[in-house]
Colleague: 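Pasting a structure below so you can have a look.
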Amino acid sequence: MSPMITSILILSLATGTIITMASFHWLLAWMGLELNTLAILPIISKSHHPRATEASTKYFLTQAAASALILFSSVMNAQATGQWGILQLEDPLAQTLLTMALAMKLGLAPAHFWLPEVLQGTSFKTGLIIITWQKLAPMALLLLTWNQASMLTLTMMGSLSVIVGGLGGLNQTQLRKIIAFSSIAHLGWMATIITKSNKLALLNLTMYILISTPMMLSLIFSSTKTTQDLTTSAPSPILAPLTMMTLLSLGGLPPLSGFMPKWLTLEELLAQNMAPLATVLAVSTLLSLFFYLRLSYSLSVTMSPSPTKISSKWRLKPNTSTLLLSTTLPPSILTLPLTPLMKP
């Protein structure tokens with residue numbers, strides 16, 4: 001793929017997300033989502049591998065169905081109320097359909113089956129776009145309609161996503177599928193808390209992107225695709241322990257940054273007398289923490305003195321990716337002392 005076509009597709013991705021986030025009309029939001037979907041499809045299938053073609057087909061079918069459901073719910077709301085504004089979603093059935101459609105676009109359980117398969121069929125760079133940038137537009141619509149969305153539907157799908165994300169990643173050896181199930185679990189935390197506190201949902205999304213970006217970049221640098229690769233190649237003497245800390249931070253281990261949004265979310269749920277839901281989320285996130293501990297242990301083998309020969313690819317070329325990695329690593333593991341400033 002030529003650099004000009006790649007630049008056009010990246011620009012279309014950014015434009016689609018910005019249109020959706022800045023729109024006040026459901027048709028404009030739908031157009032932004034469609035532009036976003038059509039721009040990512042050539043990026044997913046650019047390797048012309050059968051797995052990439054399969055992943056792009058699954059992504060297109062899922063996103064097209066979700067977009068059609070969004071358009072259908074907006075038409076239903078307009079027919080019932082005469083309003084096309086995003087902030088004027090008043091029909092109960094339209095609210096439920098829109099919540100389910102946005103959940104399908106994000107990859108919340110039980111509409112999550114496409115996400116692990118799509119990530120497994122793409123490269124790590126494309127996977128980074130899917131689990132970070134592609135979540136912004138649907139989450140923006142959820143944040144705009146958080147007081148109009150179906151609270152019961154979001155809470156049930158969110159708690160189910162945390163459970164499915166923890167259980168699904170336990171028996172995986174492919175890192176991209178583990179990252180996909182971790183994304184499902186983190187989206188479950190956001191969906192659960194968004195109807196109680198939209199500021200905490202935004203904090204969860206921000207911290208997830210800040211932690212996932214350096215973690216994916218470090219895996220790209222080390223050319224690591226499976227859990228076995230973690231034990232056979234050391235990315236660099238400095239990058240290996242930082243990658244391990246990023247993995248633990250993504251799992252929510254205190255005192256790293258990933259613990260902060262979970263801590264504040266559980267505190268908010270307990271303040272609103274939702275102790276059973278908080279217990280389910282806390283117990284389910286231990287499953288995710290377990291496979292991140294397993295990955296960190298596999299990575300620690302490369303840092304320990306061993307008579308076996310381990311290939312080390314530690315010379316990182318200075319480019320945009322290394323600059324992005326160096327700027328996103330510190331906030332991904334060191335923002336817990338800022339917790340008092342984050343409380344809504």
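FYI, the numbering just counts along the sequence from 1. Everything numeric here is computed off the predicted structure, so don't read it as measured data.
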Colleague: Using modelled atom types only, decide if a donor and an acceptor are shared between the side chain of Thr17 and the backbone of Ala137 within a distance under 3.5 Å.
Modeller: no
Colleague: Do the side chain of Gln148 and the main chain of Gln95 share a donor and acceptor less than 3.5 angstrom apart?
Modeller: no
Colleague: Could you tell me if the side chain of Val118 sits less than 4.5 Å from the side chain of Thr62, heavy atoms only?
Modeller: no
Colleague: Can you see whether Thr20 engages Asn36 through a side-chain donor-acceptor pair at a distance of less than 3.5 angstrom?
Modeller: no
Colleague: If you take all heavy atoms of Ala52 and Ile44, which pair is closest and at what distance?
Modeller: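 That would be CB-O, 3.5 Å.
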Colleague: Is the shortest heavy-atom distance from the side chain of Leu175 to the side chain of Leu295 under 4.5 Å?
Modeller: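 Yes. Closest side-chain heavy atoms under 4.5 Å.
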Colleague: Tell me whether Leu115 is reachable from Leu167 by hopping between hydrophobic residues (I, L, V, M, F, W, Y) whose side-chain heavy atoms are closer than 4.5 Å.
Modeller: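 Hydrophobic grouping puts Leu167 with Leu115.
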Colleague: Do we see a donor-acceptor contact under 3.5 Å between the side chains of Lys196 and Thr155?
Modeller: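 Side-chain D/A pair, Lys196 to Thr155: present.
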Colleague: Are Ile18 and Leu13 connected into the same hydrophobic cluster when the rule is that any two of I, L, V, M, F, W, Y join if their side-chain heavy atoms are below 4.5 Å apart?
Modeller: no
Colleague: Is the shortest heavy-atom distance from the side chain of Leu170 to the side chain of Phe291 under 4.5 Å?
Modeller: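 The answer is yes; the side chains approach within 4.5 Å.
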Colleague: Please determine whether residues Trp263 and Leu270 belong to a single hydrophobic cluster, defined as Ile, Leu, Val, Met, Phe, Trp and Tyr linked transitively by side-chain heavy-atom distances below 4.5 Å.
Modeller: no
Colleague: So if you build clusters from Ile, Leu, Val, Met, Phe, Trp, Tyr with side-chain heavy-atom gaps below 4.5 Å, do Met216 and Leu136 land together?
Modeller: yes
Colleague: So do Leu119 and Ile130 actually touch side chain to side chain, heavy atoms under 4.5 Å?
Modeller: yes
Colleague: May I have the step-by-step check of side chain to side chain contact (heavy atoms under 4.5 Å, CB included) for Ile86 and Ser23, ending in yes or no?
Modeller: CA-CA 8 Å; Ile86 291 180; Ser23 60; 3.7 Å; yes
Colleague: With rounding to the nearest 0.5 angstrom, report the CG to CG distance, Leu266 to Leu277.
Modeller: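 These two atoms lie 9.0 Å from each other.
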Colleague: Run the side chain to side chain contact (heavy atoms under 4.5 Å, CB included) test on Trp133 and Ile40 for me, step by step, so that the C-alpha distance in whole Å, both residues' side-chain angles and the decisive distance to 0.1 Å come before the verdict.
Modeller: CA-CA 11 Å; Trp133 185 262; Ile40 194 68; over 6 Å; no
Colleague: Please evaluate residues Leu27 and Leu71 with respect to the criterion side chain to side chain contact (heavy atoms under 4.5 Å, CB included), reporting the C-alpha separation (whole Å), side-chain torsions for both, the decisive distance (0.1 Å), and the verdict.
Modeller: CA-CA 7 Å; Leu27 282 180; Leu71 193 60; 3.6 Å; yes
Colleague: Count the heavy atoms belonging to other residues, nucleotides or ligands that lie under 6.0 Å from CE of Met139, then report whether that count exceeds 12.
Modeller: yes
Colleague: Does one side chain, of Thr122 or Tyr59, offer a donor that lies under 3.5 Å from an acceptor on the other?
Modeller: no
Colleague: If you round to the nearest 0.5 Å, how far is CG of Leu210 from CG of Leu250?
Modeller: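 With rounding to 0.5 Å, CG (Leu250) is 11.5 Å from CG (Leu210).
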Colleague: Measure the shortest side-chain to side-chain distance between Leu253 and Tyr292 over non-hydrogen atoms and say whether it is less than 4.5 angstrom.
Modeller: no
Colleague: Is it true that atom CZ of Phe124 has more than 12 heavy atoms of other residues, nucleotides or ligands lying nearer than 6.0 Å?
Modeller: yes
Colleague: Kindly say whether Met104 contributes a backbone atom to a donor-acceptor pair with the side chain of Trp114 at under 3.5 angstrom?
Modeller: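 Yes; judged by distance alone, with no hydrogens or angles, the pair exists.
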Colleague: Rounded to the nearest 0.5 Å, what separates atom OG in Ser284 from atom CD1 in Ile163?
Modeller: 4.0 Å
Colleague: Is Ser249 reaching over with its side chain to a backbone N or O of Met245, donor-acceptor style, under 3.5 angstrom?
Modeller: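 Not a single qualifying donor-acceptor pair exists.
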Colleague: Test your reading of the model: is there a side-chain donor-acceptor pair from Thr53 to the backbone of His49, 3.5 Å cut-off?
Modeller: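 Pair found, side chain donor or acceptor close to backbone of His49.
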Colleague: Check Gly188 against Leu108 and note the closest heavy-atom contact, atom names and distance.
Modeller: N-CD2, 3.8 Å
Colleague: Please identify each residue that fulfils side-chain hydrogen bond (donor to acceptor under 3.5 Å, both in side chains) with Gln63, with sequence neighbours left out.
Modeller: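 Checked Gln63 against side-chain hydrogen bond (donor to acceptor under 3.5 Å, both in side chains); matches are Lys105.
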Colleague: For Leu247 and Ser296, work out which heavy atoms get closest and say how close.
Modeller: CB-OG, 3.8 Å
Colleague: Below 4.5 Å, heavy atoms only, C-beta onward: do Gln83 and Glu90 meet side chain to side chain?
Modeller: no
Colleague: Can you name the closest pair of heavy atoms from Arg51 and Glu117 and give their distance?
Modeller: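 That would be NH2-OE1, 4.3 Å.
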Colleague: Are the side chains of Thr192 and Leu154 in contact, using a 4.5 Å heavy-atom criterion?
Modeller: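 Result no, sub-4.5 Å side-chain heavy-atom pair not found.
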Colleague: Considering residues, nucleotides and ligands other than Met76, do more than 12 of their heavy atoms fall under 6.0 Å from its CE?
Modeller: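 Counting neighbours around CE of Met76, more than 12 heavy atoms of other residues, nucleotides or ligands fall under 6.0 Å, so yes.
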Colleague: Got a second to check how far Met151's CE is from Trp146's CH2, nearest 0.5 Å?
Modeller: 10.0 Å
Colleague: Any idea which heavy atoms bring Ser12 and Ala39 closest together, and the distance?
Modeller: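 Smallest heavy-atom distance, with atoms named: CB-CB, 3.7 Å.
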Colleague: Begin from the C-alpha positions of Leu93 and Leu97 and carry the test side chain to side chain contact (heavy atoms under 4.5 Å, CB included) through to its verdict.
Modeller: CA-CA 6 Å; Leu93 183 57; Leu97 288 177; 4.3 Å; yes
Colleague: Rounded to the nearest 0.5 Å, how far apart are OG1 of Thr226 and CD1 of Ile178?
Modeller: 9.5 Å
Colleague: Report yes if the side chains of Leu141 and Trp30 come closer than 4.5 Å at any heavy-atom pair, otherwise no.
Modeller: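 No. Closest side-chain heavy atoms not under 4.5 Å.
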Colleague: Pick from Ile184, Leu187, Ile179, Ile209: which one makes a side chain to side chain contact (heavy atoms under 4.5 Å, CB included) with Ile131?
Modeller: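 Of all the options given, the one that passes is Ile179.
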Colleague: Looking at Asn77 and Gln88, would you say the former's side chain and the latter's main chain have a donor-acceptor pair under 3.5 Å?
Modeller: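 Such a contact is found between Asn77 side chain and Gln88 backbone.
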Colleague: Is there a path of hydrophobic side-chain contacts, each under 4.5 Å between heavy atoms of I/L/V/M/F/W/Y residues, joining Met156 to Leu281?
Modeller: no
Colleague: Measuring from Ser67:OG to Leu33:CG, what's the distance to the nearest 0.5 Å?
Modeller: 5.5 Å
Colleague: If every non-hydrogen atom of Ser182 is compared with every non-hydrogen atom of His186, which pair is closest and at what distance?
Modeller: O-ND1, 2.8 Å
Colleague: Determine, stepwise, if the pair Ser183 / Tyr208 fulfils side chain to side chain donor-acceptor pair (under 3.5 Å).
Modeller: CA-CA 9 Å; Ser183 177; Tyr208 173 68; 3.2 Å; yes
